[in-house]
2 protein chains.
Amino acid sequence: MGIQERKTRHKEDLRKRILEAAKKLFVTAGYEATSIRKIAKEIEFSPTTIYLYYKDKSDIIYALHQEGFQLLRQDFQPLMQVESPFERLKALGRCYIKFAFTHPDFYELMFIMKDPMQYLEINCVEAAWDEGERVFDFLLQTIRDCQEEGYFKGLDTIHVAMEAWASVHGMCALYVSGHLKSMMHVVFGDEDQERMIESAFRVLVHYLESTK
Amino acid sequence: MGIQERKTRHKEDLRKRILEAAKKLFVTAGYEATSIRKIAKEIEFSPTTIYLYYKDKSDIIYALHQEGFQLLRQDFQPLMQVESPFERLKALGRCYIKFAFTHPDFYELMFIMKDPMQYLEINCVEAAWDEGERVFDFLLQTIRDCQEEGYFKGLDTIHVAMEAWASVHGMCALYVSGHLKSMMHVVFGDEDQERMIESAFRVLVHYLESTK
DNA sequence: TGTGAAACTTAACAGTGTTCACTATTTTTG
DNA sequence: CAAAAATAGTGAACACTGTTAAGTTTCACA
């Protein structure tokens, strides 16, 4: 069935083009600007057509959410080769922070916005958030490796991982939301935000180091 | 006439009643449900009337943001009396987390949403975010007191404070956004979220303690 | 009582997500 | 080959949203 095949390919193509348009709007103009109608205009189709390829807006948002995790995994790829577990752990943290600074919109979509998590809860009760799982598993394994070298003695792996993630996520979230900026305007001179987070991260690393 | 009665009852403090209505909708039905039109319906006035008392929606949102900080300061009040600085620091963290769990909507408004920060940037370039400043100052002073007792040796006060805030905020943010829930569904059995955060917090406290 | 200001509302604009009913076009089938 | 059926796409509408310009009502004071 060559014709069938071509048709389904065309259909897959349009689905992809919708996501591409959504992504373009998202990265250039932010979440607010990414409306069904604007996506439709971008691909020169009627807004209703989009509903033939995606269930609703949250469906598209979740697809973007997954694109973000693909980006993050690409950034993480090289870190797999770092031999020393503790160096790998530090690099992981730095890489995570850098991602948040480089793609703040994606970071917000992936780790801050409620919508994608709600989408998961509603649409697939079982196979929940494997994107998050994969990233967290990498963190878990790295911490386990650190423990084999004597770090985090007497501490539970999962709780250490949770604390580490929360620390770094906290910094990134405060940056992305603008709270760090408002804060620094007041408390600190004009040392820029990235340097502030670097310093906070160094404090964290100091804590982690001294568990050995 | 019910309308006449309504008009003579509260005429001057309509501004306050608008905020009360907004707060009621906000705490009972969340941010999404807090629209100008619904607030208007709540106080039995036309939507346009609200614009005579508040510049725009972000003006109301920011007023709610401030209400939230009033609540948080009330919770913090008793902690001022804790003598031991390190005990005070721990209590501060626990109290902060408890606030996020008790008032997740307010927490989101205060520490996660961009809108109130944008409002500050636009409307008062100078006197930025004194609410945040006051809370952070309390944290800073507590850490300084800890340092006088030998904690956090060789670490910068502000960077330690930043790291501590980020850690605890990270936990709260992951809870409020639902990411913690989705995560735990996968990684961990069904230890509930609050216990997970408690454990992560204990890890943090362990780090802090071992700086002495 | 007349007037001007203040308080408030109506109607509208421009935007949002979403659905229903409809029209072409293409494919399948009797 | 023509009729029926499935497919792809659309226009108009619904029910919302924040916001504003213009108009009306109310009321104190000269």
Side-chain angles (χ1 to χ4, degrees), chain A residues 1-19 21-23 25-26 28-65 109 113-116 118-119 122-123, chain B residues 1-19 21-22 25-26 29-65 109 113-116 118-119 122-123:
Chain A
M1 303 290 162
I3 297 162
Q4 264 308 341
E5 200 180 300
R6 194 203 63 218
K7 277 202 122 179
T8 54
R9 201 171 57 221
H10 178 263
K11 215 172 159 173
E12 285 300 307
D13 198 53
L14 189 46
R15 204 183 135 88
K16 208 149 218 165
R17 279 176 60 205
I18 291 169
L19 193 60
K23 195 167 154 188
L25 285 169
F26 181 73
T28 58
Y31 176 76
E32 301 288 287
T34 311
S35 74
I36 298 280
R37 281 173 162 89
K38 281 181 189 158
I39 296 168
K41 193 162 278 179
E42 185 74 30
I43 57 169
E44 298 180 275
F45 277 88
S46 147
T48 40
T49 302
I50 290 174
Y51 287 87
L52 302 173
Y53 297 86
Y54 288 92
K55 199 183 130 280
D56 54 18
K57 197 191 177 180
S58 76
D59 203 359
I60 300 172
I61 293 303
Y62 182 67
L64 281 178
H65 169 101
L109 197 58
M113 281 176 55
K114 293 165 124 175
D115 313 51
Q118 278 167 356
Y119 175 88
I122 293 164
N123 294 293
Chain B
M1 206 66 168
I3 297 165
Q4 280 294 341
E5 193 185 315
R6 181 204 75 209
K7 282 184 177 173
T8 49
R9 208 162 49 213
H10 285 99
K11 214 179 329 181
E12 283 301 311
D13 53 1
L14 187 49
R15 203 183 136 90
K16 206 150 219 163
R17 282 178 59 209
I18 291 170
L19 193 60
L25 286 168
F26 180 73
Y31 176 76
E32 300 288 288
T34 311
S35 75
I36 298 278
R37 281 172 161 91
K38 281 180 189 158
I39 297 169
K41 193 163 274 179
E42 183 74 32
I43 56 168
E44 297 177 84
F45 276 88
S46 146
T48 39
T49 302
I50 289 173
Y51 287 87
L52 302 172
Y53 297 86
Y54 288 92
K55 197 183 132 283
D56 54 17
K57 197 190 178 182
S58 75
D59 203 359
I60 301 173
I61 293 304
Y62 183 66
L64 281 178
H65 169 102
L109 196 59
M113 281 175 56
K114 292 164 124 178
D115 313 52
Q118 278 168 355
Y119 176 88
I122 295 163
N123 293 292

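Chain letters run A, B, ... following the sequence lines, proteins first, then strands; residues in each count from 1.
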A.B. asks: Please give, in whole Å, the distance from C:dG17 P to A:K38 NZ?
C.D. replies: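 My rounded result for the distance is 9 Å.
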
A.B. asks: With no hydrogens and no angle check, just 3.5 Å: does a side-chain donor-acceptor pair link B:D59 and B:Y119?
C.D. replies: yes

A.B. asks: With respect to the side chain of B:Y51, which nucleotide from D:dG9, C:dT18, D:dT19 is positioned closest?
C.D. replies: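 Shortest atom-to-atom distance from the side chain points to D:dT19.
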
A.B. asks: Would you kindly give the CZ-to-P distance between B:R15 and C:dA7, to the nearest whole Å?
C.D. replies: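 After rounding, the gap between these two atoms is 14 Å.
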
A.B. asks: So which heavy atom on A:T34 is nearest to which on A:A22, and how close?
C.D. replies: CG2-O, 3.8 Å

A.B. asks: Go nucleotide by nucleotide along DNA chain D from the 5' end; which of A:F45 and B:A33 gets its closest nucleotide reached first?
C.D. replies: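 The answer here is A:F45.
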
A.B. asks: Please work out if B:T49 contacts a base, only the sugar-phosphate, or nothing of the nucleic acid, heavy-atom cut-off 4.0 Å.
C.D. replies: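 Base contact.
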
A.B. asks: Measuring from the side chain of B:S46 (C-beta onward, heavy atoms only), which nucleotide among D:dT19, C:dT9, D:dT10 has the closest atom?
C.D. replies: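 So the side chain of B:S46 is nearest to C:dT9.
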
A.B. asks: Between B:A33 and B:K38, what is the shortest heavy-atom contact and its length?
C.D. replies: O-CD, 3.1 Å

A.B. asks: Under 4.0 Å, counting only non-hydrogen atoms across every strand here, what does B:K55 touch: a base, just sugar-phosphate, or nothing?
C.D. replies: nothing

A.B. asks: Mind calculating the distance between CD1 (B:I39) and P (D:dT17) to the nearest angstrom?
C.D. replies: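 It works out to 10 Å between those atoms.
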
A.B. asks: Would you kindly give the NZ-to-P distance between B:K41 and D:dC16, to the nearest whole Å?
C.D. replies: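 Value for this atom pair: 8 Å.
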
A.B. asks: Determine yes or no for a side-chain-to-main-chain donor-acceptor pair under 3.5 angstrom, with B:K41 supplying the side chain and B:I36 the backbone.
C.D. replies: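 A pair under 3.5 Å: no.
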
A.B. asks: Nearest of D:dT10, C:dT9, C:dG17 to any side-chain atom of A:T48?
C.D. replies: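 Taking heavy atoms from C-beta onward, the closest nucleotide is D:dT10.
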
A.B. asks: If you only use heavy atoms from C-beta on, which nucleotide in D:dA13, D:dT10, C:dC8 is closest to the side chain of A:R37?
C.D. replies: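 Ranking D:dA13, D:dT10, C:dC8 by closest atom to the A:R37 side chain puts D:dA13 first.
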
A.B. asks: Compare the minimum distances between each of C:dG17, C:dT9, D:dT19 and the side chain of B:I36, then state the nucleotide with the smallest one.
C.D. replies: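 Nearest to the side chain of B:I36 among the choices is D:dT19.
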
A.B. asks: Check every atom of D:dT17, C:dG17, C:dC8 against the side chain of A:K57 and return the nucleotide holding the closest atom.
C.D. replies: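 The answer is C:dG17, which lies nearest to the side chain.
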
A.B. asks: On DNA chain D, nearest-nucleotide positions of B:T34 versus A:P47: which is more 5'?
C.D. replies: A:P47

A.B. asks: Are A:K114 and B:Y31 in a cation-pi setup, meaning NZ or CZ lies under 6.0 angstrom from the ring centre and within 45 degrees of the ring axis?
C.D. replies: no

